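First comes the structure, then the notes that go with it.
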2 protein chains.
Amino acid sequence: MGLTKSEEFTIADNRTAELAKAFAHPARVAILRLLAERKACVCGDLVDELPLSQATVSQHLKELKRIGIIKGEIDPPRVCYCINEPVWEEAQVAFGVLFEAIKIQKQGCC
Amino acid sequence: MGLTKSEEFTIADNRTAELAKAFAHPARVAILRLLAERKACVCGDLVDELPLSQATVSQHLKELKRIGIIKGEIDPPRVCYCINEPVWEEAQVAFGVLFEAIKIQKQGCC
DNA sequence: CTAATACATCGCAATATTACGATTAATAGT
DNA sequence: ACTATTAATCGTAATATTGCGATGTATTAG
């Protein structure tokens with residue numbers, strides 16, 4: 001049906017999935033990488049670095065802002081985007097929790 | 001158009017995005033968490049733990065296998081799934097590279 | 001051989017995502 | 001006020017994803 005049954009899963013699993021979506025498209029990986037490396041910041045510069053139209057880049061930025069992992073400060077007529085560090089760290093922790101889980105027990109059926 | 005222009009991005013960014021997709025749905029987060037914590041392993045047990053039909057769970061498992069982050073060993077009549085550790089570590093490294101990038105330079109326009 | 005069990009796959013329906021041209025909104029400079 | 005610049009949003013189209021009932025496949029038990 002294309003409708004994720006979010007309400008059936010835990011808050012934590014839903015949030016982890018949402019944070020992962022920020023990284024689940026190569027354009028968004030590229031955007032986050034450029035912002036994290038401080039190689040670009042202004043929307044127009046991101047458009048120059050990416051093989052996508054301005055409208056499409058703007059849409060990806062909107063989605064990243066919705067998730068909260070970036071923020072945009074308007075500096076007319078430009079908008080300067082940057083990583084929103086608290087959420088960036090939230091993502092790091094959320095994935096870290098998963099990655100650590102495998103180390104807890106080494107026995108099991110497989 | 002709904003068609004990601006993958007060929008226009010780097011191999012690395014595409015792979016990071018693909019690995020992120022493994023975590024980009026709450027059902028898959030739950031599956032990976034259960035497998036990593038060794039709380040379940042057999043497909044049927046996963047179905048019992050999740051609010052989804054057997055067909056849907058099987059489909060998520062197929063996608064996770066396609067990405068490579070899990071593997072399934074058949075143990076007739078069951079199939080035992082587990083984390084594929086090399087790819088699990090690949091994901092850890094891929095995200096780690098991004099998370100570290102922000103620490104390189106603290107100056108910048110924002 | 002037959003039935004039961006466990007899982008994969010098919011086919012379908014519905015929603016979500018990706019992409020972009022065109023337009024709009026806001027501001028700066030003249 | 002007029003124009004240029006920058007970015008957001010609208011409208012539309014196409015592909016992708018999610019979900020499940022039904023069916024198929026393989027293996028085991030009897």
Side-chain angles (χ1 to χ4, degrees), chain A residues 1-9 13-14 17-18 20-31 34-35 40-67 70-82 109-110, chain B residues 1-9 13-14 17-18 20-31 34-35 40-67 70-82 109-110:
Chain A
M1 300 170 186
L3 207 185
T4 294
K5 298 167 81 178
S6 310
E7 68 290 345
E8 307 270 10
F9 298 97
D13 285 351
N14 272 293
E18 185 165 64
K21 276 187 191 170
F23 298 88
H25 187 287
R28 292 202 290 268
V29 173
I31 289 170
L34 290 166
L35 294 181
C41 175
V42 173
C43 176
D45 293 344
L46 293 168
V47 173
D48 291 343
E49 296 284 338
L50 299 169
L52 297 172
S53 73
Q54 181 265 322
T56 302
V57 172
S58 189
Q59 208 168 249
H60 281 301
L61 289 169
K62 184 182 177 182
E63 176 64 6
L64 292 171
K65 254 196 303 187
R66 189 191 63 74
I67 293 168
I70 67 170
K71 57 189 175 183
E73 283 172 40
I74 88 161
D75 173 26
R78 302 160 204 281
V79 178
C80 178
Y81 286 99
C82 52
C109 61
C110 334
Chain B
M1 299 168 190
L3 208 185
T4 294
K5 297 167 79 178
S6 309
E7 68 289 346
E8 307 269 12
F9 297 96
D13 284 352
N14 273 293
E18 186 164 63
K21 275 187 191 170
F23 298 89
H25 187 287
R28 293 201 291 268
V29 172
I31 290 171
L34 289 165
L35 294 180
C41 176
V42 174
C43 175
D45 294 344
L46 292 169
V47 173
D48 291 343
E49 297 283 339
L50 299 169
L52 298 172
S53 74
Q54 181 266 322
T56 302
V57 172
S58 189
Q59 207 167 252
H60 281 302
L61 289 169
K62 184 182 178 182
E63 176 65 7
L64 291 172
K65 254 196 304 189
R66 190 189 62 73
I67 293 168
I70 68 171
K71 58 189 174 184
E73 283 171 40
I74 86 162
D75 173 27
R78 303 164 205 279
V79 178
C80 179
Y81 287 98
C82 53
C109 59
C110 334

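Keep in mind that this is a model prediction, so the values were computed, not measured.
- For Arg78(B), whose side chain is taken as the heavy atoms from C-beta onward, the closest listed nucleotide among dT18(C), dC20(C), dC7(C) is dC7(C).
- Closest non-hydrogen pair, Ala24(A) versus Ala24(B), comes out as CB-CB, 4.1 Å.
- Separating the CG atom of Asp48(B) from the P atom of dT5(C) is a distance of 14 Å, rounded to the nearest angstrom.
- Taking the nucleotide of DNA chain D with the nearest heavy atom to each of Val79(A) and His25(B), the more 5' of the two is matched to Val79(A).
- Here the closest non-hydrogen pair linking Leu61(A) and Cys43(A) is CD1-SG, 3.9 Å.
- Nearest-nucleotide positions on DNA chain C place Val57(B) closer to the 5' end than the other of Val57(B) and Lys5(B).
- Across the protein-nucleic acid pair, Leu61(B) atom CG and dC20(D) atom C1' stand 15 Å apart, rounded to whole Å.
- Residue Thr4(B) is classed as a sugar-phosphate contact, given heavy-atom separations below 4.0 Å to backbone atoms only.
- Candidate nucleotides dT17(C), dA7(D), dG21(C) were compared by shortest atom distance to the side chain of Cys43(A), and dA7(D) ranks first.
- Nearest nucleotide to the side chain of Ser53(B), out of dG21(D), dT15(D), dT18(C): dG21(D).
- Per the geometry, CG belonging to Leu52(B) stands 17 Å off P belonging to dT17(D), to the nearest Å.
- Atom CD in Glu63(A) sits roughly 20 Å away from atom P in dA7(D) (whole-Å rounding).
- The shortest heavy-atom contact between Arg66(B) and Glu18(B) is NH1-OE2, 3.0 Å.
- Distance from the side chain of Lys65(B) is smallest to dA8(C) among dA8(D), dA8(C), dG19(D).
- Rounded to an integer number of Å, the gap from NZ of Lys21(A) to P of dA16(C) is 9 Å.
- Between Phe9(B) and Leu50(A), the shortest heavy-atom distance links the atoms CE2-CD2, 4.2 Å.
- Put simply, the side chain of Asn14(B) gets close to the backbone of Ser6(B): a donor and an acceptor are under 3.5 Å apart.
- Checked by atom type and distance alone, the side chain of Lys65(A) never pairs as donor or acceptor with a backbone atom of Gly72(A) at under 3.5 Å.
- With rounding to whole Å, Arg66(A) atom CZ is found 8 Å from dT17(C) atom P.
- The side chain of Ser58(A) lies closest to dT9(D) when the candidates are dT18(C), dT9(D), dT9(C).
- Gln59(B) places its CD atom 17 Å from the P atom of dA14(C), with the value rounded to the nearest Å.
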Original post:
Base, backbone or nothing for each nucleotide of nucleotides 22-30 of chain D, written B, S, -, heavy atoms under 4.0 angstrom, 5' to 3'?
Top reply: B----SS--
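- Between His60(B) atom NE2 and dC20(D) atom P there is a gap of 9 Å when expressed in whole angstrom units.
- Set against dC7(C), dT9(D), dG21(C), the side chain of Val42(B) has dC7(C) as its closest nucleotide.
- At distances below 3.5 Å, at least one donor-acceptor pair connects side-chain atoms of Arg28(A) with backbone N or O atoms of Lys21(A).
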